[in-house]
Amino acid sequence: MKFFHLSDLHIGLKLMNRDLREDQEFILRQITELAVRENPDAIVMAGDIYDKAVPSAEAVEVFDHFIGNLTERLPDTVVMMISGNHDSASRVNCFRSVLSRQNLYMIGQPPRSEEEHMEKVILKDEYGKVNFYLLPFVKPSMVRNVFAAERKGLSAEGTRNQDPS
């Protein structure tokens with residue numbers, strides 16, 4: 001299976017008050033051309049899509065144009081992305097269920113309770129299934145409830161944890 005990996009795009013970044021939009025659009029066009037040339041089964045974007053948790057409308061427009069070009073030129077390629085520490089998890093998570101029906105997985109928030117699970121995307125190639133688990137940037141406070149039983153000294157099965165000493 002072939003996949004194309006990106007991270008830390010930081011769309012919307014300004015450097016010493018210099019707007020980098022033109023430069024970023026140029027680079028994103030080059031990335032699109034490379035992806036089209038390589039024709040991967042999946043494109044994986046590992047966080048820091050934007051440079052700020054609340055990106056400017058211009059930054060969102062640049063990203064939208066980039067994703068639109070990728071999905072138009074590579075309609076059979078699955079696109080998976082997770083939020084990073086610079087992204088707003090809830091904003092990246094927006095429209096998650098709608099987008100996943102179009103082979104576009106944008107996961108902003110990690111599981112926050114024992115009932116929730118990491119997003120798993122299953123792809124297949126000539127060797128069988130390949131599982132992608134999409135876990136975005138996590139702070140301990142974000143997943144505290146997932147590990148509530150363990151904090152109380154219980155294992156996932158509900159039995160008391162044994163002290164190895």
Side-chain angles (χ1 to χ4, degrees), residues 1-113 115-123 130-147:
M1 173 164 296
K2 184 189 279 190
F3 63 96
F4 196 90
H5 180 263
L6 302 167
S7 70
D8 297 281
L9 298 175
H10 289 274
I11 298 172
L13 176 70
K14 293 188 184 331
L15 188 60
M16 294 192 215
N17 293 324
R18 182 176 182 268
D19 188 357
L20 299 177
R21 179 178 179 158
E22 208 174 289
D23 299 304
Q24 290 178 329
E25 288 173 330
F26 176 78
I27 294 297
L28 294 173
R29 282 193 303 272
Q30 287 187 319
I31 289 170
T32 300
E33 291 305 319
L34 279 169
V36 168
R37 187 176 77 216
E38 293 298 324
N39 194 26
D41 299 292
I43 295 173
V44 179
M45 293 185 210
D48 289 346
I49 297 162
Y50 297 110
D51 194 56
K52 295 179 180 176
V54 182
S56 68
E58 292 163 337
V60 174
E61 184 181 316
V62 169
F63 180 66
D64 180 58
H65 191 258
F66 171 58
I67 292 300
N69 281 339
L70 274 178
T71 57
E72 182 179 312
R73 297 198 53 205
L74 294 165
D76 298 325
T77 300
V78 173
V79 178
M80 297 174 274
M81 60 191 92
I82 58 171
S83 64
N85 65 317
H86 285 247
D87 299 310
S88 164
S90 59
R91 282 183 169 78
V92 172
N93 226 49
C94 192
F95 306 116
R96 177 176 173 171
S97 63
V98 173
L99 294 172
S100 66
R101 287 182 239 141
Q102 298 175 29
N103 281 336
L104 178 59
Y105 299 86
M106 289 181 65
I107 310 304
Q109 296 178 330
R112 292 165 288 163
S113 70
E115 294 78 35
E116 293 180 7
H117 301 283
M118 263 192 288
E119 181 80 24
K120 178 169 85 169
V121 178
I122 302 171
L123 302 179
V130 177
N131 297 336
F132 288 86
Y133 292 91
L134 306 181
L135 181 63
F137 174 75
V138 179
K139 292 180 187 174
S141 62
M142 298 165 82
V143 293
R144 186 167 284 127
N145 293 333
V146 176
F147 299 102

Check: Are Q102 and V79 close enough, and set up right, to give a side chain to side chain contact (heavy atoms under 4.5 Å, CB included), and what steps lead you there?
Finding: CA-CA 9 Å; Q102 298 175 29; V79 178; over 6 Å; no

Where do [X] and [Y] come nearest, in terms of heavy atoms and distance?
X	Y	value
F137	G84	CB-C, 3.6 Å
A59	P55	CB-CB, 4.1 Å
S83	G108	OG-O, 2.8 Å
A53	S88	O-CB, 3.0 Å
G12	D51	C-CB, 4.2 Å

Name the atoms and distances for all side-chain donor-acceptor pairs under 3.5 Å in residues 40-49, with sequence neighbours left out.
unit_1	atom_1	unit_2	atom_2	d
D41	OD2	K2	N	2.9
D48	OD1	N85	N	3.2
D48	OD1	H86	N	2.8

Nearest 0.5 Å, what's the [atom1]-[atom2] distance between [X] and [Y]?
X	Y	atom1	atom2	result
E58	I11	CD	CD1	13.0 Å
D87	H10	CG	NE2	8.0 Å
L13	K52	CG	NZ	9.0 Å
L34	I27	CG	CD1	10.0 Å

Next item on the list: Start with the C-alpha distance between Q24 and L9, add both sets of side-chain angles, then the distance that settles side chain to side chain contact (heavy atoms under 4.5 Å, CB included), and finish with yes or no.
Entry: CA-CA 8 Å; Q24 290 178 329; L9 298 175; over 6 Å; no

Next item on the list: Could I get the full list of side-chain contact (heavy atoms from CB on, under 4.5 Å) partners for I122, not counting sequence neighbours?
Entry: K120, K129, N131

Report yes if the side chains of [X] and [Y] come closer than 4.5 Å at any heavy-atom pair, otherwise no.
X	Y	answer
Q109	P136	no
M81	L104	yes
M118	P111	yes

Note to self: Assess the residue pair F3 and V78 against the criterion (side chain to side chain contact (heavy atoms under 4.5 Å, CB included)); give the C-alpha distance rounded to whole Å, side-chain angles, the decisive distance to 0.1 Å, and a yes or no.
What the structure shows: CA-CA 9 Å; F3 63 96; V78 173; over 6 Å; no

Enumerate donor-acceptor pairs with a distance under 3.5 Å from any side-chain N or O in residues 61-74 to protein atoms, sequence neighbours excluded.
unit_1	atom_1	unit_2	atom_2	d
E61	OE2	R21	NH2	2.9
H65	ND1	N69	ND2	3.4
T71	OG1	I67	O	2.9
T71	OG1	G68	O	3.3
R73	NH1	E33	OE2	2.4
R73	NH2	E33	OE1	3.4

Notebook entry, point to check: Take atom CD in Q30; do more than 12 heavy atoms of anything else shown fall under 6.0 Å from it?
Noted result: yes

Next item on the list: Determine whether more than 12 heavy atoms belonging to other residues, nucleotides or ligands lie under 6.0 Å from atom CZ of F132.
Entry: yes

